[in-house]
Amino acid sequence: MLLEKIENPNDIKKIKKEDYGALAEEIRQFLIEKISVTGGHLGSNLGAVELTMALHLSLDLPDDKVIWDVGHQSYTHKLLTGRKDGFDCLRQFHGMSGFPKRKESKFDAFDTGHSSTSISAGLGLVKARDLKGEKSTIVSVIGDGSLTGGMAYEALNNAAKQETNFIIVLNDNNMSISENVGGVSKYLNNIRTTSGYLDLKEGIYNALKGTPGGDNMVTKIRRAKSSVKQLVIPGMFFEDMGITYLGPIDGHNITAMTKVLREAKRVKGAVLVHVLTQKGKGYGPAERHPARFHGAEPFDIETGIPSHPRTVANYTDIFSTVMCKLGQRDEDIVAITAAMPDGTGLKRFRNMYPDRFFDVGIAEEHAVTFAAGLAAGGLKPIVAVYSSFLQRAYDQILHDVCIQNLPVVFAIDRAGLVGSDGETHQGIFDLTYLSGIPNMHICAPKNKWELSDMLKFAVNFGAPIAVRYPRGTAYAGLRDFRAPIELGRAEWIYREWEIALFAVGSMVRTAEIVRDRLKQEGYSVSLINARFVKPIDEESVLEACRDHRVIVTMEENVKSGGYGEKVLDYMNANGLQNQCINITIPDAYVEHGNVELLKQEIGIDAESIVRRILEESR
């Protein structure tokens, strides 16, 4: 087994060239076997095996540095840097992260998790290298999907001025999470489909050589700044920017890639190496269904079918169904996603109403301002996005949507703890970063029926509004409690005295358990579904303070700027002396792991909350 020889970083350089193909196959089988048990990003990693091997063969890590855009394709890199044993606890609590982590290894040059960042980070490392007088090689690996993000172009524009070596590897598999869209995708498709590009170039050279003065013409063309590629690939976007372009190269041919990387290291400036790969390569189900195997749950290797298939609807499913019904009733409703029609549940809406569906690529900033324009034009845009990705569009929410008070609906999926993807993906800041913006309104449903009701309320609300809901199974409890949605009004579910539990969204389910435990201890407990985080229901807080000595707020958000702070501020401003206990996520980044285990660790599971209330209540 060749993989057994890879125990330490740079051990790959001891492998014979004729064994590279066999090692690549062993790596693929290893990844398939491990990820089938733990879950993880499979398709992107299978597609980047040879590319990663070529980088490790061509570079001297960790002095040389590789920055992985997003980072979900870094599993082979982790294998080749001596972390093979870590795959048994991949993405588990206190286990190995599924993304590059500087605190995990000195061979991880930069933490990543969101897209379109690697060129900017790499250019920063290049400038640091030059200022310190070092000679290392810096490589930023970016996917064609990530290249649809505006930040990548800001970085390319800056990199074009670079006068010392900086290598950008474009890993082009024609996929982000879902299939790529837009002009960049079409441009790269033109390059991909320029079959026989190298042969054609040589053909032009040979034809010119056969004419009088042809040798001189060939020499001039080769020396020309734009090169003969201008004659073959129209536009040559990267070279027109001032970035040397090499490729396209077969991303599964290690010999070809190591040769091109050697050439790239000699370039005095920014150089882009265009590598063509196949997402999911080597595993039939992942090749056929790359989107499904982007982030895979544990699965049966033979069939590719999940080991524990879902049998009940999750919140994304509910959103998907409601969106289709809303679209049928109102032709002004349009939907926007940033490269995630499957993940956000908009695939069915796209199929039913293709003219009213817009996938803008990995470009959350553009998605929000585009939605603002749609709203200004008289439509009812719904932006479906994960909580952690909406962070990227903060200025657009404030400047383009809320200042103008435009009726954009933000359907915020994966709000709260999401688990195995860790710090970069936990949706624990949205209540904080949204609620400080004037004209923004925020609500959160307690169950699947309330999600439906809130979306119907939101599309006709007439102002900026966010509906946040968690990842996972849609709660089906409390079905009989379905009071009409009113702006800023909470819902009293159980009305008693002594202790009042104000719970936000997903925490209502936890609050039910907390209430039962406290009643077993002899306490009288009210349960209030907060519904709105902005504006909070001040009337209900005041009412609860009259009849209860302890007010408890519960939310899946960090403490600073969250719902609990708003309730406490209101109580202090009005001289209310009741004890207030805020149950929140600590103001910290939460690592990867099982969601229920994470809740226990940070103290927002039912048992921890009961224990805290009993300890702190006077």
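The shown structure was predicted, so the numbers you read here are calculated from the model rather than taken from an experiment. Side chains are part of it too, since the values below use all heavy atoms of this structure and drop only hydrogens, waters and symmetry mates.
Two residues are said to be in side-chain contact when any heavy atoms from C-beta on lie closer than 4.5 Å; Val139 and Thr137 meet this criterion. Under the 4.5 Å side-chain criterion, counting only non-hydrogen atoms from C-beta, Phe299 is in contact with Leu42. Considering only heavy atoms from C-beta on, Leu31 comes within 4.5 Å of Phe87 through its side chain. Between Phe238 and Leu156, the closest side-chain pair of non-hydrogen atoms falls below 4.5 Å. Side-chain contact between Leu61 and Val66 is present, with heavy atoms from C-beta onward closer than 4.5 Å.
Around the NZ atom of Lys135, the shell of radius 6.0 Å holds no more than 12 heavy atoms that belong to other residues, nucleotides or ligands.
In terms of heavy atoms, Ile249 sits closest to Ala256 at CG2-CB, 4.0 Å. Closest of all the heavy-atom pairs between Asn314 and Gly472 is CB-O, 2.9 Å. Asp300 approaches Ser307 most closely through the heavy-atom pair N-OG, 3.8 Å. Considering all non-hydrogen atoms of both residues, Val141 and Ser118 come closest at O-OG, 3.3 Å. The nearest pair of heavy atoms linking Glu591 to Gln426 is O-NE2, 3.1 Å. What you find for Ala22 and Leu2 is that their closest heavy atoms are CB-CD1, 3.6 Å.
Using the six-membered ring where Trp is involved, His294 and His72 have ring planes that are perpendicular, over 60° apart on the 30 and 60° scheme. Ring geometry, His77 versus Trp68: the interplanar angle falls from 30° to 60°, so the pair is classed tilted.
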Chi angles and distances behind the side chain to side chain contact (heavy atoms under 4.5 Å, CB included) call for Asn557, Ile585: CA-CA 5 Å; Asn557 191 81; Ile585 293 171; 5.8 Å; no
Evaluation steps, side chain to side chain contact (heavy atoms under 4.5 Å, CB included), between Leu390 and Glu364: CA-CA 7 Å; Leu390 186 59; Glu364 292 85 0; over 6 Å; no
Evaluation steps, side chain to side chain contact (heavy atoms under 4.5 Å, CB included), between Phe357 and Leu346: CA-CA 8 Å; Phe357 168 82; Leu346 285 178; 3.8 Å; yes
Salt bridge (Lys or Arg N to Asp or Glu O under 4.0 Å) between Arg468 and Asp430, worked out: CA-CA 8 Å; Arg468 76 174 318 242; Asp430 52 81; 2.6 Å; yes
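In terms of the side chain to side chain donor-acceptor pair (under 3.5 Å) criterion, His41 has no residue partners (sequence neighbours excluded).
Using a cut-off of 4.0 Å between Lys/Arg side-chain N and Asp/Glu carboxylate O, Asp317 and Arg310 are scored as salt-bridged. A salt bridge links Glu50 with Arg28: the distance from a Lys NZ or Arg NE/NH1/NH2 to an Asp or Glu carboxylate oxygen falls below 4.0 Å. Under the 4.0 Å criterion applied to side-chain N and carboxylate O atoms, Lys14 and Asp11 are assigned as salt-bridge partners.
Between the side chains of Asp69 and Ser146, at least one donor N or O lies within less than 3.5 Å of an accepting N or O. Looking only at atom types and distance, the side chain of Asn10 has no donor-acceptor partner in the side chain of His56 under 3.5 Å away. Looking at Thr316 and Arg471, their side chains never bring a donor and an acceptor atom within 3.5 Å of each other. Inspection of the Asp359 and Thr337 side chains reveals no N or O donor paired with an N or O acceptor under 3.5 Å. A side-chain donor from one of Thr277 and Asn171 sits under 3.5 Å from a side-chain acceptor of the other. Between the side chains of Asp64 and Ser136, no donor-acceptor pair is found at a separation under 3.5 Å. Under the 3.5 Å distance criterion, with hydrogens and angles disregarded, a donor-acceptor pair is assigned to the side chains of Gln29 and Glu25. Side-chain contact, His592 with His425: no donor N or O sits under 3.5 Å from an acceptor N or O.
Within the structure, side-chain hydrogen bond (donor to acceptor under 3.5 Å, both in side chains) pairs that include any residue of residues 78-92 comprise Lys34-Asp88, Lys78-Glu104, Thr81-Arg83, Arg83-Glu104, Arg83-Asp108, Arg91-Asp421 (at least two apart or interchain).
With Lys265 contributing its side chain and Ser58 its backbone, the two residues share a donor-acceptor pair below 3.5 Å.
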